[in-house]
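Labels below follow one simple rule: chain letters A, B, ... track the order of the sequence lines, proteins then strands, and each chain is numbered from 1.
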Amino acid sequence: MPYLGSEDAVRELRRALSNPNVQSDQLRYRNTVLKAIRAMSQGVDVSDLFSEMVKACATVDIVQKKLVYVFLCSYATLNPELSLLVINTLRKDCQDPNPMVRSLALRNMTNLRLPSLVEYVEQPLAAGLRDRAACVRRVAVLGWAKLHNLQPDAEIDAAVVNELYGLLRDPDPVVMVNCLRALEEILKKEGGVAINKPITHHLLNRLKESDVWGQCEVLRILQRYHPQSEDELFDILSLLDASLVSPHPPVMAATLGLFLGLCSGLPAVSLAALERVRGPLLAACGSTSRETRFTALCHIQLLLRSLPGLMGAHYKRFFCGYAEPAYIKQRKMQVLVELVNDENVAMLLDELKGYCTDVNPETAQAAISAIGRIGRSYSDRCLEILTGLLGLKQEHITSAVVQTMCDLVWVCPQCSDTVCSALEGCEEMLQDSQGRQALLWLLAAYGERVSSAPYTLEGFIDRVRSEASLGVKMELLTTTMRLFLCRPSETQDMLGRLLHYCIEEEMDMCVRDQALLYYRLLHCGIEETHKVLHGQRSDPSLGVLIGRPAEPINQWAYSFNTLEPLRQAGVETEPASRGSPEHVTFDPKPNTDLSDTLNCSQIEKVNLGSDGASGFTCSSAKVLAPLSLSLSPALSPEEFEHLWMQRHAEQGAEKLEEEEEDYVCLEERIQFPAIPPCSPQSLQAAMQLVNIQTLAFTPPHTLPWRVYLYTHTHHAHYGSTLVIGELLYIGEASRRVAAVKKGMEDGDVVEGEQEAGLSGRALVRKDGREEEVEVTLKQQPRDDNALKGFLSILTTVLHTLSSESS
Amino acid sequence: MISQVFILSSQGDHLIYKDFRGEAGSDVVSVFYEKVTALTGDQPPVVMSHGDLHFVHVRQGGLYWVATTTSPGSSPFTIIEFLNRFSALVKDYCGSLSEKSVQMNFALIYELLDEVVDYGYIQTTSSDVLKNFIQTEAVSSKPFSLFDLSNVGFFGAETQQSKVAPSSAASRPIQSSREQGGRSEIFLDVIERMSVVIGSKGVVLKADVEGEVRVKCFMPSCSEMRIGLNEEFSIGKSQLRGYGAAVRVDECRFHQNVHLDEFHSNRVLRLCPSQGEQTVMQYQLSDDLPSAPPFRLFPTIERDSGGRYSPRVHAAINVCATIPVPKGSVSLSQELSSPDQSAELKLQNRAIDWKIPRFIGGTQLSALFKLEVSGLSPSSLMEVGPVVLVFELPQLTVSGLQIRFLRLSPVQPAPSQRWIRYVTHSDSYILRL
């Protein structure tokens, strides 16, 4: 900022600089120059002093020389003519016996950035390359790069390029690295410095001589090298192994970057490298520098995309410190959400709960939404915490909790009961528009279950005149309409008032149009309205987080160790907004599906070891619909037997009924340790919990062991179906690995089953002690999604049982 | 590749600005300050973009140290590490890191920058190399103080006090040692940072210790230094603990100049320290502390709220306990056990700050806080706690690491002074209620 009287100050300085008395006294001269530079760095325009400064350049005092150079380099572009005067002094300095003076002159000569001076600079630069002092050579090498960028169109001097290539063998490591840098810039059009085998090996062998910065540079440039054989590749890798665990984060990151580049075709090696950097990365997460910590956290998020289990045991390292800034806390929470498993979930939630009352509202909100994310797999515990938080009666917490519940219900419909009962009395705590919008959405979706819904809406409608937020008004219209459909008598009057207000008085075009739309819709009759407005209440395709498939490393390797991971504000872990398409696994009973999903991740690890693509198998195979089971109408044992035998007979006879689309039979194997020990009673009780009725058992400890069961599935869109089934355990001896026999016609489901079979095999390979139950299911009418949903519930129950009994 | 480097004060004053590649004008300095002050709480500030230009910055000594780059593929680790290293260099050369010291030594800092970075490429940050090039003398910003005299006894006699290095002794420019007046001193600091979470029943839920051994050398020439650690020092979880008080750490990393040939047999580190400060060894230990945590808390909260607070063990200084209180707390009445303590209610942070300047080892302190809360509900008690302690424990390492000896060889001709200091501090010692 130029301050008042800056012109006076400049005039004063000029007078002092040209005063012969000052010039003869070295100390005074230096101090005057110092004053000028100080003024410059404070933002005062002192370019008028240029000619005086040029004179001040000719001095034996090195400190003063350096100061003057700082000045000259800043203002040279404004005074090209006067700068010519400096060149003479600089060229003379290039002959100085003191190497420091030589390097200084050479550096500043090239820093003037004046294309007109190039002809004077070339000769000293060429001499500088052959100087006996390393510090001069360092400067000269980079000087050529500066020169080239001054005239990017000029012809590249092949002699210089050759000399620079020759200097790669310079004994000074900085000169060597500078040569790489200079060649990289000069030969940019040709794709940078040529990296061939001898150069690569030379650079690798001398890697240890360089300091941290040099090593990073060399490792970065080596990324372009493609080893000619696998042996050579592994030689390079083993040479770099020590750098991979370097205590300096830049070297560690650069080495890992190189590893990932070299091993892009060898996922197993890349994964091993990721495991190896875990220690150094964790150490960087505990660094004293907050910025280093942040960088490490962002990169850990990248790594977790491919190796979700990498940091699981170290979750405590990601607990937030009290004094940490909010942006680090938020990143740590994003990482913590990824690390949840059944051993640490209690500790983790306890810790996150502590952050919810943080003074910083952003941190509190981030903690609450993190709990919501964990709620997708551990809904009961999380809902308990969330409803507890509502008791605090604080605006920002309540708002965050309601928004989180909104997101949670969207993916976990089974939470809706708890959420509905928690909603009562929230509305007076909600001040911000997002919170109120979320509340309105919940009322629209579950209005029939919240007894006070019409009263809440009435309050909103009474205040609609003073409502500032567009979003809230739109949401209010929709909510009132939807509530009107399920509770017409209570809502009719207020709907009328709201529509009247919105059509007659509302100034905003969007709201008015929306209201008119609804008004006309109502004219079409209640049936039509219902059809239009009956929206989805949940989107099952949004996933449970721990079932998320591991991405192949190549998906993010290009952005590793760049600024990109630090910039994107945690896109991949942001709470998913309603309606975003994200196709991952969904399990209807996520709070009990742990062993199942954990096994999934193991499979993925096993598979990724051999080939990356098959890692998706088990997750993408099931995209399920929300499903509820019920026991009514009851099925008597006789009817069951009749149905079972009839279907059996049909199947046995022939698959004639190609046209009979309403029936399906499915056989499946479920990996399930130790069935026989579990008692019929506990099995029956467990099945009844999820509305599956068991009809008949063989006694425990007999082989083959059978259970017959049935249930009805109810689906939001497709109506209900009857499922009857048999569990068969044939014992260790006769176990076969072959997975599925199919009694149905649909080709794409068959494909799904085959994939499931594949994962089943992987499990057997992994743990031979696990046993399998053969499940035969029959369904009427046919509904593949419902059947799969049922199967996964059944699997979950069996797993829960086995984990309890063991 | 770095395009520009600049230093800003926390008010946005331009202190240092250097353009290496001429890719952007100096107006980006103001752009940066506008951006960094306009960030909302959930936006990470470390990397910001303005057109093609990317700002990477760190905060050290209350200043913004900013580097800009035009290539998004630059390594963030490298740039951040460089900025940290650069600020450490400035601290070494200027003695301390503050707006004032940067302002006074701007010529020196320009000189440093000139040697450290050329055309946006980092050349060297080693103080051994730099000391040959840096000519400007540091201007010390420390005013003359009468307190300095308190170290000298009557008639110049040596008192007990004068044998202890004042805490400010290490914060002076390294170059002054070049002059005759400069003392030839070496400081060896063992610094441990701990972060602890203690559950409501006194169970340690999490304990992390990050330690480092730091050498700050003011000797103009020092050929070799030998540092002896505890002989029982062991690394990794696998090694069984002996019967003695073994010192164990999970992981340990050494500076690349450290020779470890005697480490495996005798736990001796050999190195040739360069002038200025460097971290010789870093280690960390989690979960399994060899000793009980230094503070414990016995809280009681009643409806007419009161709390008893009784930490114990080790002498500590500058203890500050922060106790969150319910929203709507209006006023605080307190009973503290000694007059030098103070407590105040910070409504903005919804917390009581209880400051204890000095805490004698093995003692208990108690305090009773009564809060008046408007609109108290049962759930308000949920908002009380966890208590956070911030403290410093001098002369103590939680891990038990000790320096057996510090030898310089060959023996210095001039009288040299060696100081070994231990400190453990924590800014995240969380006690759940």
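Take R85(B) and apply the side-chain hydrogen bond (donor to acceptor under 3.5 Å, both in side chains) test, not counting sequence neighbours, and it matches no residue.
At a 4.5 Å heavy-atom cutoff, the contact between C135(A) and chain B is made by side-chain atoms alone. Interface residue D358(A): only backbone heavy atoms are found under 4.5 Å from chain B. With a threshold of 4.5 angstrom between heavy atoms, A254(A) does not approach chain B through any atom at all. Interface remark: N178(A) contributes side-chain atoms only to the contact with chain B (heavy atom separation under 4.5 Å). Using a 4.5 Å cut-off between heavy atoms, I80(B) contacts chain A through its side chain alone, with no backbone atom that close. For A283(A), the parts lying near chain B are the backbone and the side chain together; criterion is any non-hydrogen pair under 4.5 Å. Using a 4.5 Å cut-off between heavy atoms, E217(A) touches chain B through its side chain atoms alone. Proximity to chain B is limited to the backbone of S287(A), based on heavy atoms less than 4.5 angstrom apart. Within the 4.5 angstrom heavy-atom criterion, only side-chain atoms of T69(B), from C-beta onward, approach chain A. Using a 4.5 Å cut-off between heavy atoms, S195(B) does not touch chain A at all. Contacts between R220(A) and chain B at a heavy-atom distance below 4.5 Å are absent for every atom of the residue. Looking at E362(A), only its side chain comes within 4.5 Å of chain B, counting heavy atoms on both sides. Of the two parts of F294(A), only the side chain, counted from C-beta on, holds a non-hydrogen atom closer than 4.5 Å to a non-hydrogen atom of chain B. Residue contact with chain A, scored on non-hydrogen atoms closer than 4.5 Å, involves the side chain of E210(B) exclusively. For M1(B), the part lying near chain A is the side chain, with the backbone staying farther off; criterion is any non-hydrogen pair under 4.5 Å. Using a 4.5 Å cut-off between heavy atoms, N561(A) touches chain B through backbone and side chain atoms alike. Both the backbone and the side chain of R181(A) come within contact range of chain B, with heavy atoms under 4.5 Å apart. Contacts of E185(A) with chain B are made by side-chain atoms alone, with heavy-atom separations under 4.5 Å and no backbone atom involved. Within the 4.5 angstrom heavy-atom criterion, atoms from both the backbone and the side chain of I37(A) approach chain B. Within the 4.5 angstrom heavy-atom criterion, atoms from both the backbone and the side chain of F82(B) approach chain A.
Within 6.0 Å of the CG atom in D52(B), the count of heavy atoms belonging to other residues, nucleotides or ligands does not exceed 12. Within 6.0 Å of NZ in K206(B) there are more than 12 heavy atoms belonging to other residues, nucleotides or ligands.
Between F560(A) and H299(A), the distance separating the two ring centers is shorter than 6.0 angstrom. Ring centroids of H248(A) and F77(B) are separated by 6.0 Å or more, keeping the two rings apart.
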- request: Report the C-alpha separation of R107(A) and D114(B) in whole Å, then their side-chain angles, then the decisive distance to 0.1 Å, and conclude whether the salt bridge (Lys or Arg N to Asp or Glu O under 4.0 Å) test is met.
  value: CA-CA 9 Å; R107(A) 179 163 60 225; D114(B) 215 27; 3.6 Å; yes
- request: Check the pair Q60(B) / N84(B) against side-chain hydrogen bond (donor to acceptor under 3.5 Å, both in side chains), numbers first and verdict last.
  value: CA-CA 8 Å; Q60(B) 292 278 356; N84(B) 283 329; 2.9 Å; yes
task: Give the C-alpha distance, both sets of side-chain angles, the deciding distance and a yes or no for side chain to side chain contact (heavy atoms under 4.5 Å, CB included) between S74(A) and M40(A).
output: CA-CA 9 Å; S74(A) 309; M40(A) 184 186 91; 3.5 Å; yes
task: Test side chain to side chain contact (heavy atoms under 4.5 Å, CB included) on M281(B) and R253(B) and set out the steps.
output: CA-CA 6 Å; M281(B) 170 177 141; R253(B) 284 159 294 143; over 6 Å; no
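At a heavy-atom separation below 4.5 angstrom, chain B is approached by K66(A), L67(A), V70(A) within residues 64-71 of chain A.
With chain A as partner, the option from V390(B), T125(B), V29(B), L39(B) having the largest number of non-hydrogen pairs under 4.5 angstrom is T125(B).
At least one cation-pi condition fails for R38(A) and F106(B): the charged atom is not both under 6.0 angstrom from the six-membered ring centre and inside a 45 degree cone around its axis.
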